[in-house]
Amino acid sequence: MRGRVDYATTVDEMRAFTETRGPDTPDEIWLCEHAPVFTQGIAGKDEHVLLAGDVPVVHTNRGGQVTYHGPGQVVAYPLIDLKRLNIFVKEYVYRLEHCVLKTLESFGVTGHRVAGAPGIYVKLGDPFGHSALTGPSARPFDGLGKIAALGIKVSRHCTYHGVALNVAMDLSPFSSINPCGYAGLATVDLATLGVRTDWNTVAERLGDKLAAHLS
């Protein structure tokens, strides 16, 4: 648990850790919370930032488009040697999403994957129901809210950046961007769904699941 830490400083620390680690360096999982910041992925388009206002925009080297980090969000940064784990990037992403799904499940919330759109989504009208999504659809996000965003970087088989799970936060900054590049995509957190919990509890559950599935 790293708690509240500066985003840009943390990215520099992750990069340094990854660039200097050797084949025997133990993997780590950093669990963090950040002050308000918009982060833009390496292929991110500036037009997806609609109105930054006083929130800083940090360009970074992860995959994906723009997202928002702020208080009340658990951000997990797994620093994993994929070669040692003997998996490829596609399997790694699947495991990250699986850990978020199982964390949500522990609170009674059913998460969903959307093909071609990394991250985890919930049915806004029935977040605790167990029916699967139907598809494919011309409007894949209809009725859905994004509760977890995913963006990673892999260098020499080693990962950094990671996944952010919304717990109880001010969601209004998401309306100032096209979240992950999708105009009008709704964003939700556990508190909005009626789940009463706290940052530490969610961080511990997500951290435990990540440790179990990435070791």
Side-chain angles (χ1 to χ4, degrees), residues 1-35 37 39-44 58-65 67-107 111 113 118-120 147-169 180 190 197-215:
M1 295 273 190
R2 290 199 157 206
R4 181 77 65 86
V5 291
D6 178 71
Y7 176 78
T9 300
T10 305
V11 172
D12 288 342
E13 291 173 349
M14 286 191 291
R15 183 187 293 114
F17 176 91
T18 302
E19 289 176 350
T20 58
R21 69 179 299 173
D24 299 321
T25 302
D27 293 336
E28 297 186 7
I29 297 172
W30 298 357
L31 297 164
C32 307
E33 183 181 39
H34 297 306
V37 61
T39 72
Q40 185 71 281
I42 195 167
V58 177
H59 288 77
T60 186
N61 64 342
R62 62 163 173 78
Q65 297 280 337
T67 193
Y68 170 73
H69 297 310
Q73 180 189 65
V74 174
V75 188
Y77 296 127
L79 308 172
I80 306 297
D81 185 335
L82 298 182
K83 189 173 184 180
R84 186 165 60 210
L85 195 57
N86 197 31
I87 63 173
F88 295 103
V89 174
K90 185 176 181 180
E91 171 66 17
Y92 173 66
V93 170
Y94 180 88
R95 293 191 189 190
L96 288 186
E97 292 180 335
H98 177 77
C99 290
V100 173
L101 290 170
K102 300 306 286 186
T103 300
L104 293 174
E105 185 181 288
S106 74
F107 293 102
R113 293 181 174 93
I120 297 299
I147 197 166
L150 188 150
I152 65 170
K153 171 71 175 178
V154 180
S155 175
R156 297 182 297 116
H157 310 290
C158 295
T159 70
Y160 59 109
H161 294 287
V163 64
L165 175 57
N166 304 334
V167 180
M169 57 191 305
C180 303
L190 285 171
T197 186
D198 56 49
W199 189 94
N200 282 304
T201 299
V202 179
E204 287 176 3
R205 292 191 190 185
L206 179 58
D208 287 346
K209 286 171 176 54
L210 289 168
H213 286 85
L214 296 175
S215 60

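Keep in mind it's a predicted model, so treat the numbers as computed, not measured. We count residues from 1, following the sequence as given. Just the heavy atoms: all of them, side chains too, but no hydrogens, waters or symmetry mates, feed the values below.
Between atom CZ of residue Phe107 and atom NZ of residue Lys102 there is a gap of 13.5 Å, rounded to the nearest 0.5 Å. With rounding to the nearest 0.5 Å, the separation of SG in Cys32 from CE in Met14 is 7.5 Å. Rounding to the nearest 0.5 Å places CG of Asn166 at 7.5 Å from OG1 of Thr67. Here the NZ-SG distance, from Lys83 to Cys158, works out to 10.0 Å after rounding to the nearest 0.5 Å. Atom CG of Leu101 sits about 5.0 Å away from atom CZ of Arg113, to the nearest 0.5 Å. Taken to the nearest 0.5 Å, the CZ atom of Phe17 stands 15.0 Å off from the OH atom of Tyr77.
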Hey, can you pull the donor-acceptor pairs under 3.5 Å for the side chains in residues 206-215, sequence neighbours left out?
from, atom 1, to, atom 2, distance (Å)
His213, ND1, Lys209, O, 3.0
Ser215, OG, Ala211, O, 2.7

Residues 5-12, side-chain donor-acceptor partners within the protein, below 3.5 Å, at least two apart:
from, atom 1, to, atom 2, distance (Å)
Asp6, OD2, Ala8, N, 3.3
Asp6, OD2, Thr9, N, 2.9
Asp6, OD2, Thr9, OG1, 2.8
Thr10, OG1, Asp6, O, 2.6
Asp12, OD1, Arg15, NH1, 3.1

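Closest non-hydrogen pair, Leu85 versus Arg95, comes out as CD2-NH1, 4.0 Å. Heavy-atom minimum distance, Ala149 versus Cys180: CB-SG, 4.2 Å.
When the side-chain hydrogen bond (donor to acceptor under 3.5 Å, both in side chains) test is applied to Arg4, the partners found at least two apart in sequence or on another chain are Glu33. Under the ring pair (Phe, Tyr, Trp, His ring centres under 6.0 Å) criterion, His157 pairs with no residue, sequence neighbours left out. Scored by the ring pair (Phe, Tyr, Trp, His ring centres under 6.0 Å) test, Tyr68 finds Phe38, Phe174 as partners (sequence neighbours excluded). Residues meeting the side chain to side chain contact (heavy atoms under 4.5 Å, CB included) test with Ile152, sequence neighbours left out: Val89, Tyr92, Val93, Leu96, Leu150, Val154.
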Verify salt bridge (Lys or Arg N to Asp or Glu O under 4.0 Å) between Glu28 and Arg21, making sure each step is shown before the conclusion.
CA-CA 11 Å; Glu28 297 186 7; Arg21 69 179 299 173; over 6 Å; no
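Put simply, the side chain of Thr159 does not reach to within 4.5 Å of the side chain of Asp27, judged on heavy atoms. Considering only heavy atoms from C-beta on, Tyr160 comes within 4.5 Å of Asn61 through its side chain. Put simply, the side chain of Gln73 does not reach to within 4.5 Å of the side chain of His34, judged on heavy atoms. The shortest distance between side-chain heavy atoms of Ile147 and Leu165 falls below 4.5 Å. In this structure, the side chains of Val74 and Trp199 come closer than 4.5 Å at one or more pairs of heavy atoms. Counting heavy atoms from C-beta on, the side chains of Glu105 and Arg205 never come closer than 4.5 Å. The closest side-chain heavy-atom distance from His69 to Val58 is not below 4.5 Å. Contact of the Leu31 side chain with the Arg2 side chain is not registered, since no non-hydrogen atoms from C-beta on lie closer than 4.5 Å.
Between the Glu97 side chain and the Gly119 main chain, a donor and an acceptor come within less than 3.5 Å of each other. Side-chain atoms of Arg84 come within 3.5 Å of backbone N or O of Pro23 as a donor-acceptor pair.
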